[in-house]
Amino acid sequence: MQKASGYILAAVVLVLLLQVHQLEAAYKLQERYSWNQLDFAFPNERLKEQALASGDYVPQNALPVGLEHFGNRLFVTVPRWRDGIPATLTYINMDHSVTGSPELIPYPDWRSNTAGDCANSITTAYRIKVDECGRLWVLDTGTVGIGNTTRNPCPYSVNVFDLTTNTRIRRYVLPVDNTNPNTFIANIAVDIGKNCDDAFAYFADELGYGLISYSWELNKSWRFSAHSYFFPDPLRGDFNVAGLNFQWGEEGIFGMSLSPIRSDGYRTMYFSPLASHRQFAVSTRILRDETRTEDSYHDFVALDERGPNAHTTARVMSDDGVELFNLIDQNAVGCWHSSMPYSAQFHGIVDRDDVGLVFPADVKIDEDKNVWVLSDRMPVFLLSDLDYTDINFRIYTAPLGLLIENTVCDLRNNAYGPPNSVSIPKQANLPPAPPLYTKTYRPALPQKPHTSWTPSPPSRGYLPAAAGGAGQVISSVSVSTNTVGPAGVEVPKAYVFNQHNGLNYETSGPHLFPTHQPAHSHQTDGLKSYVNARQSGWWHHHHQG
């Protein structure tokens, strides 16, 4: 009898522990805002009633798809896929609306959201980006409708707003040769270099299969088209979300993220086609160079697949090298630390919710290292019917450090495998990185306590089996740095190419690559050594077949 009582007590304790664990997991992402259907902040109730009566405002036709946070404002975009969308670029005043279902305020004003007023307004915005210089970058697709209903009253244009004065400081119309008849651009990435004028924006042409670079300083753009990595994978066009099976087989290059600045002064761009489980990479040294649009095929790197059911539309990387991405098939947000190999074993799930995270459409990391996630049930909206008595749209948030805690992306936790072979090099011309997160808000739901932390760089190395044998822990590998060569010429630092994430890192130890490589082989470029290594005997020795 006593023994049976002990079993019962142990079972009760186990159930309680599991419940506590589930509660903790559910509390990682805190629900901040939610809507059954979107509402807009009309100047007064009479104008709102007029808009409803005329069809200028049809609440059931509005779907939020993008978000961005800056200061006390949370920006939300609403594309004009259907009639009755009064504003496409909006924000929430977080001082006035701490939580709940707030009205969306047009940004910067109502007039600037007039559909078809090409020179003065935004017709349709999707993803947006705030840069570290206090500017909001918005690509106006100039379109109304979706699919077969699409009209183009305005051209594609880059619009940049000063968030201090709330005024548009630039509008740049993409030239005709930057697009083609199939062009559809939803995603944007912004690359700030040595100062605020040294800025580039990159745009992913999902259906025209291209990548467009725009230089703020030159006020000029150019298109990369000649690359098969921009195309969908014909084996990955089948989707299952919210009980719906559908095919988005034509969806090419979509989500993009940018690494911290590497020691060569450039970042690495990571991108994926939507109909794909694979990630690709290229140095921004290539994307910033207009002369490389046609001859840069081998500068792009194909990484591993993420695993099954791993379609993603949005990704973002922190200045600590943590990449977050939505996993739309899994109702989840995933993570990968860019110092680790890009293979499924080093991918983690930071949160999953089969109700609240149905189609997590956008993921962002703000200036305070807080993560923001927008979920919108998009496939249900497009292919079926939303239940407007239910909550359909949600915005969640959590500190980045809390999200990745106890996942494979948390480098403080060694239980998930050995650390990577090398440290990320120091950023060029930038102040030291702040702690992983510095402040949080008071969430709508209770949140377990946490503390700020800064991850320490890994001290030992890991190379995948393809690069070093059996995926074993190895000592860091390198050559001497900043050595002076013949005639006083400085020899570039040596790097080890991590085959699985497409990056080279500064290291210390014996030289891995052949010593006969010429000094002008651009070893300091973030991806060029990949080509050098493939052409070397070392690569062929280790990668036969």
Kindly say whether [Y] contributes a backbone atom to a donor-acceptor pair with the side chain of [X] at under 3.5 angstrom?
X	Y	result
H311	N326	no
S97	M94	no
T124	T143	yes
S318	V322	yes
N195	D197	yes
D131	G134	yes
R306	A310	yes
R267	I192	yes

Once rounded to the nearest 0.5 Å, what's the spacing between atom [atom1] of [X] and atom [atom2] of [Y]?
X	Y	atom1	atom2	result
E323	H347	CD	NE2	7.5 Å
N166	F161	CG	CZ	9.5 Å
Q247	F239	CD	CZ	9.5 Å
I92	L104	CD1	CG	5.5 Å
T312	L274	OG1	CG	8.5 Å
I253	D205	CD1	CG	8.5 Å

So [X] and [Y], would you call those rings parallel, tilted or perpendicular, with 30° and 60° as cut-offs?
X	Y	value
F300	H227	tilted
Y214	W137	perpendicular
Y91	Y107	perpendicular
W222	F200	perpendicular

Item to complete: Mind running side-chain hydrogen bond (donor to acceptor under 3.5 Å, both in side chains) on R278 and Y229 for me, showing each step along the way?
Response: CA-CA 10 Å; R278 189 178 296 277; Y229 294 170; over 6 Å; no
Worksheet entry | Worked check of side chain to side chain contact (heavy atoms under 4.5 Å, CB included) between T313 and I328 | CA-CA 8 Å; T313 67; I328 59 177; 4.1 Å; yes
Any Lys/Arg nitrogen of [X] or [Y] sitting under 4.0 Å from an Asp/Glu carboxylate oxygen of the other?
X	Y	value
D162	R168	no
R127	E68	no
R171	D140	no
D295	R292	yes
R288	D198	yes
K364	D362	yes
D376	R394	no

Item to complete: Determine, step by step, whether Y172 and S221 satisfy the side-chain hydrogen bond (donor to acceptor under 3.5 Å, both in side chains) criterion, reporting the C-alpha distance in whole Å, the side-chain angles of both residues, the deciding distance to 0.1 Å, and the verdict.
Response: CA-CA 9 Å; Y172 172 82; S221 58; 2.8 Å; yes
For a 4.5 angstrom cut-off between non-hydrogen side-chain atoms, does [X] reach [Y]?
X	Y	result
I128	L136	yes
T141	T123	no
S338	M317	yes
H69	N370	no
R135	W216	yes
Y202	M269	yes
Y297	S228	yes
R73	F75	yes

Item to complete: Might you work through the side chain to side chain contact (heavy atoms under 4.5 Å, CB included) test for I365 and L324, ending with a clear yes or no?
Response: CA-CA 9 Å; I365 302 173; L324 299 180; 4.2 Å; yes
Worksheet item: Between F230 and F271, is a ring-ring contact (aromatic ring centres under 6.0 Å, His included) present by the stated rule, with each step listed?
Response: CA-CA 9 Å; F230 300 155; F271 65 89; 5.7 Å; yes
Which atom pair, heavy atoms only, marks the closest approach of [X] to [Y]?
X	Y	answer
G193	I261	O-CD1, 4.3 Å
T268	A281	CG2-CB, 3.9 Å
P273	P232	CB-CA, 4.2 Å
L38	P64	CD1-CD, 3.6 Å
D177	R223	O-CD, 3.9 Å
A314	V363	CB-N, 4.0 Å

Give a yes or no on whether the ring-centroid distance for [X] and [Y] is below 6.0 angstrom.
X	Y	answer
Y270	W336	yes
F42	Y57	yes
Y126	F184	yes
W372	Y396	no

Using only heavy-atom distances, determine whether the side chains of [X] and [Y] contain a donor-acceptor pair under 3.5 Å.
X	Y	value
S121	N113	no
T114	N120	no
Q60	R82	no

Item to complete: Could you check R170 against V158 for side chain to side chain contact (heavy atoms under 4.5 Å, CB included), going step by step and ending with a plain yes or no?
Response: CA-CA 8 Å; R170 180 165 298 183; V158 182; over 6 Å; no
Worksheet entry | S157/L174 under side chain to side chain contact (heavy atoms under 4.5 Å, CB included): CA gap, chis, key distance, verdict | CA-CA 6 Å; S157 64; L174 293 184; over 6 Å; no
Item to complete: Take atom CD of E250 as the centre, draw a 6.0 Å sphere, and report whether it contains more than 12 heavy atoms from other residues, nucleotides or ligands.
Response: no
Below 3.5 Å, can you tabulate the donor-acceptor pairs from side chains in residues 83-90 to any protein atom, sequence neighbours excluded?
residue : atom : partner : partner atom : Å
T88     : OG1  : V78     : O            : 2.8
T88     : OG1  : A125    : N            : 2.9
T90     : OG1  : V76     : O            : 2.7

Worksheet item: Sequence neighbours excluded, which residues qualify as salt bridge (charged side-chain N to carboxylate O under 4.0 Å, His left out) partners of R80?
Response: none
